[in-house]
Amino acid sequence: MLGLVLSDSPWADFYKEKAKKGHPIYSHARFYSFGELSSIIAQASFRVERVCTTLFEEPQNQEPLKNQEIREGFWREGGFFCIGAKKIN
C-alpha cells in the first residue's frame with residue numbers, strides 16, 4: 001500500500017513551489033507521475049490492484065481539510081493517491 005502525492009497533481013505543484021523556497025521537507029521530496037510509479041511497481045514484480053484518489057480541493061496553507069471525498073481509480077485532478085499492489089508470484 002502506497003499513499004502519496006503524484007507529480008501530475010496540483011498538490012505536487014504547490015509542494016514544488018514550497019521546495020523552491022527552501023522548505024526543509026519538500027526541498028528533498030521527489031514526486032513521481034502515475035506512469036512512472038506504475039512502471040516501478042511492475043519492475044518490482046508487483047501488480048496494481050486498487051487506486052483511490054482524494055483531495056480534489058485546491059491546495060491551502062491555512063485550515064485543515066475535512067471530510068474529503070474519496071473516488072475509486074486514478075483522477076489526475078486529485079491531490080493524494082492510495083495505491084494497493086500485490087506481489088506477483
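Since we're looking at a predicted model, the values are computed, not measured. Position 1 is the first residue of the sequence, and the numbers go up from there.
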Exercise for review: Could you tell me which residues satisfy side chain to side chain contact (heavy atoms under 4.5 Å, CB included) with S38, sequence neighbours excluded, listed by chain and number?
Suggested key: F34
Check your understanding: Could you give the distance from CD1 (I70) to SG (C82), rounded to the nearest 0.5 Å?
Key -> 7.5 Å
Check your understanding: Hey, quick one: are F14 and L55 part of the same hydrophobic cluster, counting side-chain heavy atoms closer than 4.5 Å, chains of contacts allowed?
Key -> yes
Point to revise | Which residues share a ring-ring contact (aromatic ring centres under 6.0 Å, His included) with F31, sequence neighbours left out | key: none
Point to revise | Inter- and intrachain pairs under salt bridge (charged side-chain N to carboxylate O under 4.0 Å, His left out), touching residues 1-11, at least two apart | key: D8-R76
Review point. With A19, which residues qualify under side chain to side chain contact (heavy atoms under 4.5 Å, CB included), at least two apart?
Key: Y26, S27
**Study point:** Joint hydrophobic cluster, V51 plus L2, side-chain heavy atoms closer than 4.5 Å
**Key:** yes
Point to revise | salt bridge (charged side-chain N to carboxylate O under 4.0 Å, His left out) partners for K21, two or more places apart | key: none
Point to revise | Pairs involving residues 22-37, ordered by first then second residue, that meet salt bridge (charged side-chain N to carboxylate O under 4.0 Å, His left out) (sequence neighbours left out) | key: R30-E36
Study note, to complete from the structure: So the salt bridge (charged side-chain N to carboxylate O under 4.0 Å, His left out) pairs with at least one residue in residues 38-49 (sequence neighbours excluded) are R47-E49
Point to revise | Side-chain heavy-atom pair V48, L37 within 4.5 angstrom cut-off | key: no
Review point. Does F80 belong to the same Ile/Leu/Val/Met/Phe/Trp/Tyr cluster as Y15, with side-chain heavy atoms less than 4.5 Å apart forming each link?
Key: yes
Practice item. To the nearest 0.5 angstrom, please state how far the OG atom of S9 sits from the CZ atom of F81. Key: 5.0 Å
Check your understanding: What distance separates L6 CG from S33 OG, expressed to the nearest 0.5 Å?
Key -> 7.5 Å
**Study point:** ring-ring contact (aromatic ring centres under 6.0 Å, His included) against Y32, all qualifying residues, sequence neighbours excluded
**Key:** none
Practice item. Not counting sequence neighbours, which residues clear ring-ring contact (aromatic ring centres under 6.0 Å, His included) with F46? List them please. Key: none
**Study point:** Counterpart residues, salt bridge (charged side-chain N to carboxylate O under 4.0 Å, His left out), relative to R71 (two or more places apart)
**Key:** E69, E77
Point to revise | Any donor-acceptor N/O pair, W11 side chain to E57 backbone, under 3.5 Å | key: yes
Point to revise | Apart from W75 itself, residues in the same hydrophobic cluster as defined by side-chain heavy atoms under 4.5 Å | key: F56
Review point. If every non-hydrogen atom of A12 is compared with every non-hydrogen atom of S7, which pair is closest and at what distance?
Key: CB-CA, 3.7 Å
Review point. Residues two or more places apart in sequence or in another chain: which of them pass salt bridge (charged side-chain N to carboxylate O under 4.0 Å, His left out) with E72?
Key: R50
